[in-house]
Every structure is written in structure tokens, then in C-alpha cells.
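Some notes on the structure that comes next.
Numbers for residues simply follow the sequence, beginning at 1. Because the structure is a prediction, the values reported are computed rather than measured.
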Amino acid sequence: MKIVAPAGSIERFHAAIKAGADEIYMGLKGFGARRNAVNLTLEEYKEALDYAHARGVKVFLTLNTIMMDVEIEAIAINLRELYKHGLDAVIVQDFGLAEFIKINFPGLELHGSTQMTVANHIEANYLKSIGFERVVLPRELTFEEIKEIREKSDIELEIFVSGALCISYSGNCYMSSFIGGRSGNRGMCAQPCRKKYTSDGNDEGYTLSPKDQLYGYDEIQKLKEIGIDSIKLEGRMKEPNYVFQTVNYYKELINGNNIEEKSSQIFNRGYSTGYFYKDRKDIMNKSFASHLGKNLGEFNGKELKLKEKIILGDGITFLSKDYEKIGGTYINKIDTRFERSKREANIGETLILRDIPKETKYIYRNYSKEISDLIESKMKTTDKKHVIDIEFKGKIGERAKVIVSTLNNRFELIKVSLESEGTIEKAKNKGTSQDVISEKLLEIGDTTFVGFIKNIEIDENIFLPISTLKQLKRDAVKLLLEKLILSYRKESCNELVKLSKKEVSEKSSILSAIVSTDEQKNILISYGIDKIYFKGYDVAREENLEKIDLSNKMASNLYQALENKNTQITLGWNLNISNRYAFDHFSNIEKIDTIIVSPEISYRRLEEMGETKIKKAILAYGRPRAMYTELSLGDEEVKVIENEQGDKFTIIKNSIGNSEIYLEKPLNILKDRKYLEKIGISELVLEFTTETPEEIKDILDGKGMYKPYNYEKGVF
């Protein structure tokens, strides 16, 4: 089971490899689901590829965002350079981008991002059938579901085991997008889930903020036993020492060593095992949403009874009763009840503190000097090595020969054979022994390799100068490294295959509707609207497949599209279709007649899309669904929360216990109908959730307020 580690910068990249990561995922500047990370320039990325490949490590490019047509064609320029240089795989969310890569970059592995929300074996098998090598499953799945998918699918499976949890299913969160135009599906999430909320005027706290996830020994052994291919660590924006420590921890667990985790000493907003177990115990942290560290103990007056060991140089932060930071310092003096000026204090001792902010209620350690020093030391002295085999032949009267070989990470044999200039003579006195030859051949510690003697074949009592042997070894190893790196290079055609834009023909559009109740349906029928869909579920979890209505003519998830019993269906807007390449891909599923475009696409980008093989629909009215979360966020069926800026959101518990979060102010572009027809829209979709009959009538009578959200301004 491999470790896939994050690298949001070159420092994090080196830290992950030094700690023993087998695979690295990282972005290129301007692209990917962490565009706010430092990320790498094209030239830095090429250097990183060579550095990783010299150590047998794979590198995956993160292009896991939804894309517009012009962006797919623009990224191809840099992608071609990385493809030629030996990029191992691309992680994608967008089906259109996947189609483009498959056609233009043969042999480049495709990995389905967790933002595709592939949550069952049917969807996983579909990805395999269209050329994907791997899928990253959603964090919301239990172990039993992961196990079932593993048993019913042979695509590679990757599982998140540590790091930040999104409260919403990845790929189905639009809150940041609808509020401020910063799309999580475009790598620019403003993290509104980490803000404070109130309900009915009462303080709710951090209602939407989960703890981070951290699987331990038991969970890793379970994943290992069922044959999971890779475990993934989150943390492209966390510090290099966090990346190093977390990779190192999971390397030990995979190797069967049940060691104590120390990642929580470096970054800590609270930890849980997420959704791994069915009880989903202790996932949320309503008290605080940022890194505070570890609670040092019970604070009273100026005394702190320790439940954690501290040393000089530790960093501490002072918190109010509401967990607000009100100060912080580094510990430069340790006084306890019974001893002064100590270098450290242990669990159970009472620390005497002075100059504490008046409102202090809690004291947390947010920097551990002991752990940081240990990690810094390890990072300076460790490196990942690539295994090579070494052979030697020494026959009297013949040239000495060194053969070095290895497999690259694609299991291709790379081999170098070098001979000495002169021939071997018989020793006049004591000859060169096999042990000496073996010892000198293995002295390659200043390279990226670690050697194993495969075979040494020599005549008795040969004379071989040590300098000759060492030079021969150095030259062979140097040449092997060059050949190894070059073995990843690929040829690329100069001409890219692109879908040409076709001018749209003006359409005569119809009104259709997504409803939540029969009452809503009846009102719509009375207004002459007869194309009516019932609201579905955004996600088809393995455990809930029997609850997905396959008779519904609208597919809200990929499973519902693949297994639908109708001959003509509509693909829901939450599948995030935003380019003609994606339309072209889904035209291969014959039953898909219409696609509702992503509500994150602007009118301008819709115009650029041009004519498509499948009819285009658009969400023309509806309370924007900001999040779809697996958790039940309260006992109420309907609940309203409000952020500090005064934005209100309605949380609705659906029939399978999931929570759907809606903005207060409806999207409404019905007055743009003529324009939408002109740019090729065949269907205007109205989505109703909690609307009363009177509200629906007002909308249909044209009394609703115009609010275009992202259609007008687009998203970042």
C-alpha cells in the first residue's frame, strides 16, 4: 500500500520524499484545487520530476477542477511539456478534461479526483471502462463500503487517511462560489465552513467546521488487508515538518509498527477517524476552526496543571472562554510549585505562569520545540533511495566489467554495462578478494541509489587496482542515473486534437421543473409545465444504492445516469458540466438527452461553448444549494443559520438523513429567456425546495426578483 503525499511547494515536496512517500501530488501555478498554495512553475516542476524519478517516486499533477473550454486548451501547452518530461499521472475532476487528455496524451494515467464523488462500485467500474487507472474515493465512506467497492471493482483505489475534512461532499460545495464568486470547484474556496454561525439569534459556534481526519494503526491495517492501493495525505498548504512527520507516521503503520502519532503536535484543530466507522463519532468541532494546538491542561488563576510535557522553547497561545486567541508566547522559563528555572515540566506537575492575559480560560501549545527539532534533524540526515542491482565480472586476461540495473516506477528494466580500459592480471602476491570488491561496489552513499550485490564472478588471485574498481563503479552509477531519468521521457505529437466550436442555432426553449412535493408538481401542471423531475440525491453511496430512484428522468449522480431505466434522461447541474468536451463525452451514453450546465459557468463561457451534441439546459430559478453533506446537522427537519455578514442559509434534512444547505435569496434568470434561447439553451429548469404554492405562482407569474449569481459575473 503506497503513500500519496501532498506538495504545495518545493520544500514540502522534498520533505515528503525524504520521509518515504511513494507518490506525490502537486499543482502547477494557476491550476488545481489548491490554487492558493505556492505550487510550482513549469521549470521547477520538471526539476521535481527528475528528482522524484531518481528516487523511484511517482508524481501526479493536480488538475482537479472544473474547466471552461479555453482553459482546457490553454493547459495543454504546459501539460505537453510535463508529459514529454515524464509526468506519471493527472488527477482530474472534469470529464471533459479527461477526454481531452486521453486523446492527446496517450499513456498518461488518469486518476479520478475525490471531487468526482465516485462513491460506489458502478461508478468506479465506469471510470475504469473509459480509461481511468485510479479513483480517489470520497472521505464520507465507511470501511464496510470501501471494502465492498474493493470487492466489486478492479480499478486502483486511493483513500484519504489524514488531513482536513470538508463538511460538504467535495465537488458538491458551492457556498464560497455563490456568496463571493470564489469556487471550491475551481481551487479558490474561501472556506465559509470555517466561520461562525448563529441560529435564531443564539450563538451556534462553528456549525459547519469538522475536525481533521487521522486514521491510526487499526484503520490502516484494515485498509491494507482488503487491498487498497494507496493512502492519501492532505496538506498541500501545511508546513514541511507536518508533511514529513505525517508521511513518516504512516510509513511506520504500513510496515506494521504501531507508533504514536505526532502530527497533532504540529497542526491541530481536533482530530477524529471521520466516517470510517458507522457511528461517525465526534466529527465536528464547534468550538474552534483553526489550528490552536494541544490543550496543556487545567488552568486556574496563574496555575496550569499539565496533561502534556513541556520544555523550554515551546510555543503557547492564550484563549478566551470562546476559544478566541488573546495572546501567545514562547516558554523561556519554567517554574513549578516546587521547583524553579527548570528545563522541562512533566505531566501532573503544576506550572506557575505570570503575565497572563486577563481573559485567559485555556492554554494550548501550538509549537512543540522537541518535535520540531527532531523533525529538522531527520530531514537533514535522511533521503529516499532507489534500489539497484550490481554485478561484477573479473577474469584474468579480460577487462573488468560492472553491470548495474534497476526498474523504473513503470517496471521497465534500465541497465548499464561498463568495462575497464585495461585487462585484469594475475596477482603476484595477495589478490583482490570478493569481499573487498563487494564492499567497494556498495559505496554509493553520495548518490540517490542503494545497492545490492546480485552476482560477483572472479578468477582466483586476480589483481585489480581499487582505484580502477571505484572509477568503474562511479561511471556506471552515473550513467545509470542518466538512463533512469531519460527512461521517463515521452514523445508528443505537435498538433493537438481539439473540438472545434460550432455556431449555435437559436432554440425554442421549454420550461421544466425539479420538485420536492406532489403539491408543487400539481401547481406546475396547472400552469402547463409537464416536464417535471423529482428531486434526487447528489451522491449515490455504496450503502444507499437501493434508495436511488432509477425511474427518475433526472440523474443527480453518475450512478443514476448509468443505471437509469428511462430511454431519455437529463443530467443534473451538480455534475458540474461546463465545457463542450464534457458534453462530447456524455454523448457516448445514449440515454442522456439533456444536460443542465453548471451554475458556475458564466453567460460569456456559455457562448464560447457553442453548439453541443446533447441539448443544453440551465438552472433558471432555485434557492442555490450551497452544500450537500453526509451529516445530519441538527435534530430539526428545517433550520436556519446566519453568518457574521448577515447571510442566511436554510439547512434541510433529506429523507436519507443527509443535510442540504441552501442560500436564502433565490437564483432567478427567467427574464433572460430570449437571450438564453439565442445562445442555444433548450430548457429552463426551475428547482423548488421549500417554496409554498403562493411563492411558486409568483415565480411563474414573473414576480420574482432577478438574481443571476455566477451567470453574470463568472467565478474565480
Side-chain angles (χ1 to χ4, degrees), residues 66 168 171-186 190 192 509-516 520 524 527 529 531-533 535-536 538 554 556 570-578 594-607 616-628 640 643 645-652 660-677 679 681-692 694-716:
I66 63 168
S168 175
N172 290 79
C173 184
Y174 307 89
M175 186 177 280
S176 176
S177 169
F178 284 135
I179 292 174
R182 293 183 55 179
S183 168
N185 280 321
R186 308 260 298 153
S509 66
I510 63 166
L511 284 181
S512 68
I514 303 167
V515 299
S516 302
Q520 292 172 342
L524 293 165
Y527 272 80
I529 297 174
K531 191 172 186 180
I532 298 174
Y533 316 99
K535 191 172 169 300
D538 285 9
M554 189 187 73
S556 299
T570 295
L571 211 55
W573 59 263
N574 58 295
L575 275 88
N576 302 318
I577 308 303
S578 57
T594 303
I595 292 176
I596 308 173
V597 296
S598 167
E600 297 193 296
I601 195 170
S602 67
Y603 284 162
R604 177 187 166 198
R605 297 305 185 194
L606 261 177
E607 289 183 30
K616 289 195 289 284
I618 195 167
L619 185 65
Y621 169 85
R623 288 196 170 93
R625 185 159 65 254
M627 291 183 179
Y628 187 95
V640 177
N643 65 15
Q645 288 72 43
D647 299 309
K648 291 184 178 179
F649 308 90
T650 302
I651 302 175
I652 299 174
E660 301 172 14
I661 303 176
Y662 293 85
L663 271 67
E664 179 187 29
K665 296 176 181 177
L667 175 153
N668 189 336
I669 54 167
L670 287 169
K671 82 174 189 66
D672 292 337
R673 185 169 185 170
K674 290 295 182 188
Y675 164 74
L676 293 169
E677 290 177 335
I679 64 170
I681 299 297
S682 301
E683 186 174 327
L684 275 63
V685 183
L686 317 173
E687 184 168 20
F688 297 110
T689 50
T690 59
E691 284 86 353
T692 64
E694 290 71 25
E695 288 174 318
I696 293 175
K697 289 175 182 176
D698 284 345
I699 297 304
L700 296 174
D701 290 339
K703 297 177 183 176
M705 181 183 295
Y706 178 76
K707 193 166 180 60
Y709 281 99
N710 297 323
Y711 295 137
E712 191 171 87
K713 61 190 178 185
V715 293
F716 295 107

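Contact annotation: the side chain of Thr690 approaches that of Arg623 to within less than 4.5 Å [non-hydrogen atoms, C-beta and beyond]. Val640 has its side chain within reach of Thr650: a pair of non-hydrogen atoms, C-beta onward, lies under 4.5 Å apart. Considering only heavy atoms from C-beta on, Leu663 comes within 4.5 Å of Tyr709 through its side chain. Considering only heavy atoms from C-beta on, Val685 stays 4.5 Å or farther from Thr570 through its side chain.
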### Task
Check the pair Leu700 / Leu686 against side-chain contact (heavy atoms from CB on, under 4.5 Å), numbers first and verdict last.
CA-CA 10 Å; Leu700 296 174; Leu686 317 173; 3.6 Å; yes
### Query
Run the side-chain contact (heavy atoms from CB on, under 4.5 Å) check on Met627 and Phe649 step by step: do they pass?
CA-CA 10 Å; Met627 291 183 179; Phe649 308 90; over 6 Å; no
#### Entry: Step-by-step side-chain contact (heavy atoms from CB on, under 4.5 Å) determination, Val715 to Asn185
CA-CA 10 Å; Val715 293; Asn185 280 321; over 6 Å; no
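Across all their heavy atoms, Ser578 and Ile66 have their closest contact at OG-CB, 4.0 Å. When all heavy atoms of Thr689 and Lys535 are compared, the pair lying nearest together is CG2-CE, 4.3 Å. Shortest non-hydrogen contact noted between Leu524 and Ala513 is CD1-CB, 3.4 Å.
Interatomic distance, CE of Met554 versus CD1 of Ile532, reported as 13.0 Å (0.5 Å rounding). Taking CD1 of Ile596 as the start and CD1 of Ile618 as the end, the distance is 10.0 Å to the nearest 0.5 Å. Expressed to the nearest 0.5 Å, how far OG of Ser602 lies from OH of Tyr711 amounts to 11.0 Å. Atom CG of Leu606 sits about 5.0 Å away from atom CD1 of Ile681, to the nearest 0.5 Å. Here the CD1-CG distance, from Ile179 to Asn643, works out to 6.0 Å after rounding to the nearest 0.5 Å. Atom OG1 of residue Thr692 and atom CD of residue Gln520 lie 9.0 Å apart, to the nearest 0.5 angstrom.
The cationic atom of Lys531 (NZ for Lys, CZ for Arg) does not lie both less than 6.0 Å from the six-membered ring centre of Tyr533 and within 45° of the ring axis.
With sequence neighbours left out, Tyr621 forms a ring-ring contact (aromatic ring centres under 6.0 Å, His included) with Phe688. Glu607 meets the salt bridge (Lys or Arg N to Asp or Glu O under 4.0 Å) test with no other residue; sequence neighbours excluded. In terms of the salt bridge (Lys or Arg N to Asp or Glu O under 4.0 Å) criterion, Glu712 has no residue partners (sequence neighbours excluded). Applying the salt bridge (Lys or Arg N to Asp or Glu O under 4.0 Å) criterion to Arg605, with sequence neighbours excluded, gives Glu608.
Under the side chain to side chain donor-acceptor pair (under 3.5 Å) test applied with Ser509, the options Arg673, Glu683, Lys616 reduce to a single match, Arg673.
More than 12 heavy-atom neighbours from other residues, nucleotides or ligands sit within 6.0 angstrom of NZ on Lys713.
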Contacts table for residues 664-672: side-chain donor-acceptor under 3.5 angstrom, sequence neighbours left out:
unit_1, atom_1, unit_2, atom_2, d
Asn668, OD1, Leu670, N, 3.1
Asp672, OD2, Tyr603, OH, 2.7
Asp672, OD2, Tyr706, OH, 2.7

Scan the side chains in residues 171-178 for donor-acceptor partners under 3.5 Å anywhere in the protein, sequence neighbours excluded, and list what turns up.
unit_1, atom_1, unit_2, atom_2, d
Asn172, OD1, Thr117, OG1, 3.2
Asn172, ND2, Asp538, OD2, 3.4
Tyr174, OH, Gly171, O, 3.4
Tyr174, OH, Asn574, O, 3.4
Tyr174, OH, Asn576, OD1, 2.6
Ser176, OG, Arg182, O, 2.4
Ser176, OG, Ala190, N, 2.9
Ser177, OG, Glu600, OE2, 2.7
Ser177, OG, Asn710, ND2, 2.8

